[in-house]
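Below is one structure, written out as structure tokens; comments come after it.
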Protein chains: 2
Amino acid sequence: MTIINAGDYLKKHGIKPSLQRIRIFEYLIKNKNHPTVDTIFRELAKEIPTLSKTTVYNTLNLFMEKNIVKVITIEENETRYDADTSLHGHFKCTECSRVYDFDLDVPKFKEEILKGFEIQERHVYFKGICKDCLLN
Amino acid sequence: MTIINAGDYLKKHGIKPSLQRIRIFEYLIKNKNHPTVDTIFRELAKEIPTLSKTTVYNTLNLFMEKNIVKVITIEENETRYDADTSLHGHFKCTECSRVYDFDLDVPKFKEEILKGFEIQERHVYFKGICKDCLLN
DNA sequence: TTTTAAATTTGTAATGATTATATTTTATAT
DNA sequence: ATATAAAATATAATCATTACAAATTTAAAA
């Protein structure tokens, strides 16, 4: 995903590009580490001292309505966000708790059982120990 | 999964089969509807009036440690439990909020990117509208 | 440019699921 | 029967998220 200008991208999706919204969206596309609300808040509060956590929540919920971000629910009570809305899998390392992306082939599911169902979202995530942690 | 006797099954997995534990496990294998803690609690409280929600939590956490149930995290803040520990996918209907099972082929993932990673769990879930809800 | 209205952000309080802790009950062993 | 350990329970604490109201900013109109 190559987004030249976050503001334009937001506008294109019907979102008024306020400073907070631009910064939050930029944070998501620059840091592909699938951050939690708390991480986003702590990082951005450094440059926007008046930032409120409620704003981060509101903004992410707005982004989700407009379909420019997706939620990643791997762990209960640890909601993460992803600005890459294309279909891909996530691998969460239980050691370092990093979340990695990996490719997926859409038709590689056995979906005959779901004939007649309207599939709107596909989510795949694995858990285990990443290469890095295995080597150390 | 054909479990003749819940008590024996628990014992076999190193869990002392108390009344509460047996009932909770039986509930999971009889009702393959992937219930939430609240559902389990409300249903079983009918036959075990002294049942505490804490016990349901404790028991499910114990079951998870012993690997006889799995968590299904589709929605944040709606943790569901499944006594079928084999690999399969889940489809959650956003209309009726039912959760359906569907088969999955293990090797049908493109996992080359995860070479050198130790994969311990694989989760797949879809969201959309089920056949039933589409027809009505 | 001033005024007014609407949208956005913010702070605080409320909610709800889960966990922590202490007490009570039940089971087990001596 | 008594002592000890395990399990269940009730209550309080925690934490992420949402609700709500007030303050601020932005946009629009006069």
Side-chain angles (χ1 to χ4, degrees), chain A residues 6-8 10-11 13-27 34-66 68-82 92 97 99, chain B residues 6-7 10-11 13-27 34-66 68-81 92 97 99:
Chain A
D8 291 348
L10 294 180
K11 255 186 263 174
H13 287 83
I15 298 166
K16 195 194 288 182
S18 70
L19 171 73
Q20 289 85 339
R21 289 169 176 176
I22 290 175
R23 285 288 181 284
I24 292 171
F25 189 69
E26 281 177 346
Y27 185 85
H34 318 90
T36 61
V37 167
D38 208 61
T39 305
I40 299 170
F41 173 70
R42 274 185 291 108
E43 286 304 308
L44 293 185
K46 293 174 187 169
E47 42 166 323
I48 310 170
T50 61
L51 184 66
S52 151
K53 198 176 269 190
T54 306
T55 301
V56 181
Y57 276 106
N58 291 342
T59 303
L60 290 170
N61 286 336
L62 175 67
F63 287 175
M64 281 171 45
E65 276 170 38
K66 302 295 185 178
I68 63 167
V69 305
K70 284 194 167 182
V71 195
I72 306 175
T73 348
I74 297 181
E75 233 69 65
E76 335 76 84
N77 75 46
E78 188 197 68
T79 311
R80 290 164 172 268
Y81 296 86
D82 195 344
K92 165 143 186 190
S97 60
V99 175
Chain B
L10 293 181
K11 254 187 262 172
H13 287 81
I15 298 166
K16 196 194 284 183
S18 70
L19 171 73
Q20 288 85 339
R21 289 169 176 177
I22 289 175
R23 284 288 179 285
I24 291 171
F25 190 69
E26 280 177 349
Y27 185 86
H34 318 88
T36 62
V37 165
D38 207 62
T39 306
I40 299 170
F41 172 70
R42 275 185 290 106
E43 286 304 308
L44 293 185
K46 292 175 187 168
E47 40 166 324
I48 312 171
T50 61
L51 184 67
S52 152
K53 197 175 268 191
T54 306
T55 301
V56 181
Y57 276 106
N58 291 341
T59 304
L60 290 170
N61 286 337
L62 176 66
F63 288 176
M64 280 172 44
E65 277 170 37
K66 302 294 185 180
I68 63 169
V69 306
K70 282 193 170 183
V71 196
I72 306 175
T73 348
I74 297 181
E75 232 70 65
E76 334 76 85
N77 74 45
E78 189 197 67
T79 310
R80 290 165 172 266
Y81 296 87
K92 165 144 190 191
S97 58
V99 175

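In the text below, chain A, chain B and the rest are named by the order of the sequence lines, each starting its count at 1. Just so it is clear, the model here is predicted, and its values are computed rather than measured.
- Side-chain proximity of B:L51 to the nucleotides C:dT12, D:dT9, C:dT9 is greatest for D:dT9.
- You'll find that the side chain of A:K16 is closest to C:dT8, out of C:dT8, C:dT10, D:dA8.
- In this structure, of C:dT8, D:dT9, C:dT10, it is C:dT10 that holds the atom nearest to the side chain of A:T54.
- The closest donor-acceptor contact from the side chain of B:R21 to the backbone of B:K16 lies under 3.5 Å.
- Between the CD atom of B:Q20 and the C1' atom of C:dT26 there is a distance of 10 Å, rounded to whole Å.
- Contacts of A:N58 with the nucleic acid, taken as non-hydrogen atoms under 4.0 Å apart, include base atoms.
- The side chain of B:Y57 lies closest to C:dA17 when the candidates are C:dT12, D:dT17, C:dA17.
- A salt bridge links A:K92 with A:E78; the closest basic N to acidic carboxylate O contact falls under 4.0 Å.
- The interatomic distance linking B:M64 (CE) with C:dT18 (C1') rounds to 12 Å, in whole Å.
- Spacing between atom CD of A:E78 and atom P of C:dT18 amounts to 15 Å, rounded to whole angstrom units.
- Nearest-nucleotide assignment on DNA chain D puts the 5′-proximal partner with B:S52, out of A:K53 and B:S52.
- Here C:dT19 presents its C1' atom at 16 Å from CG of B:D38, a figure rounded to the nearest Å.
- Minimum atom distance to the side chain of B:R21 is reached by D:dA7, of the listed D:dT9, D:dA7, C:dT18.
- Look at B:S18 and you won't find any side-chain N or O under 4.0 angstrom from OP1 or OP2 of C:dA27.
- Atom NZ of B:K11 is separated from atom P of D:dA7 by 14 Å (rounded to the nearest Å).
- The residue among B:N77 and B:T55 whose nearest nucleotide of DNA chain D is located toward the 5' end is B:T55.
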